Amino acid sequence: MIQIKDLTFVPYINEHELLEAVNTIAQRINADYKGKEVLFVGVLNGVFMFASDLMKHIDLKCQISFVKLSSYDGTQSTENVRQLFGLKESVEGKHIILLEDIVDTGITIDGLYSDLLKQNPASLEICTLLFKPEKYTKQVPIKYVAKTISNEFVVGYGLDYDGYGRNISSIYQLKA
Ligand code: IMP
Ligand code: MG
């Protein structure tokens, strides 16, 4: 059990299980994009650990860049997604894979997805470490999901509660 501010969290997905799931996703991407060049676009801050472990297993010609968005306030998702800093690279004609730590309501990734689609990429897919299907409100398909989880709020492996917990090497969930 760990305590972060006012909340208690219990172990949920261990490091070994996480790294196996990340490697599996990387191998699927390697196979699907064989012979192609990919621009990965990671959503900061939460994606930093997932992106780092995933990229070590990618053997395609590729680049990675990051954007910073914000829609989450404490443990509640909000409708207002602000783009804090954008992408310098042009996405036109490129194969783009968006990298997220977690897709919850989908508001964050949906906004970014529509923005990038307008810039005519050759292809555009979403890859997320965690997916909460019961809370997903959007239509955009999430092609690569490392782990599907239930509704609980989680921290660790890049994910935070109020800025804390990102350094934990496995995933913890809010104690019921
Ligand atoms: P969405 O816009 O509702 O899909 O929320 C996506 C963003 O909210 C993610 O990129 C996370 O930063 C954050 N988020 C959603 N669920 C959780 C959670 O369970 N723990 C920590 N952060 C979360
Ligand atoms: Mg995030």
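In listed order, ligands and their atoms are each counted from 1. These numbers were taken from a predicted model, which means no experiment stands behind them.
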Residue part near ligand 1, for Val155, under 4.0 Å between non-hydrogen atoms: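 Neither part.
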Just by distance, no angles: are the side chains of [X] and [Y] close enough, under 3.5 Å, to form a donor-acceptor pair?
X: Tyr157; Y: Asp101; result: no
X: Glu92; Y: Ser90; result: no
X: Glu20; Y: Asn23; result: no

Give the numbers and elements of all ligand 1 atoms closer than 4.0 Å to a heavy atom of Leu159.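 Those of ligand 1 that fall under 4.0 Å from Leu159 are 20 (N), 21 (C), 22 (N).
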Proximal atoms of ligand 1 relative to Lys132 (non-hydrogen, under 4.0 Å):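 Numbered from 1, ligand 1 contributes 16 (N), 17 (C), 18 (C), 19 (O).
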Report yes if some N/O of Val103 lies less than 3.5 Å from some N/O of ligand 1; otherwise report no.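 By distance alone, the answer is no.
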Applying the side-chain contact (heavy atoms from CB on, under 4.5 Å) criterion to Lys138, which one of Thr105, Ile107, Val103 satisfies it?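 Single side-chain contact (heavy atoms from CB on, under 4.5 Å) partner of Lys138 among Thr105, Ile107, Val103: Ile107.
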Are Lys118 and Asp115 close enough that some pair of their side-chain heavy atoms sits under 4.5 Å apart?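 Answer yes - side chains close enough.
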Does some non-hydrogen atom of [X] fall short of 4.0 Å from ligand 1?
X: Ile102; value: yes
X: Val154; value: yes
X: Gly106; value: yes

Given Leu112, Leu44, Asp101, which has its nearest heavy atom closest to atom 10 (O) of ligand 1?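 Looking at heavy atoms only, Asp101 sits closest to atom 10 (O) of ligand 1.
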Output all residues satisfying side-chain hydrogen bond (donor to acceptor under 3.5 Å, both in side chains) with Ser65, sequence neighbours left out; order by chain, then residue number.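 So Ser65 forms a side-chain hydrogen bond (donor to acceptor under 3.5 Å, both in side chains) with Glu89.
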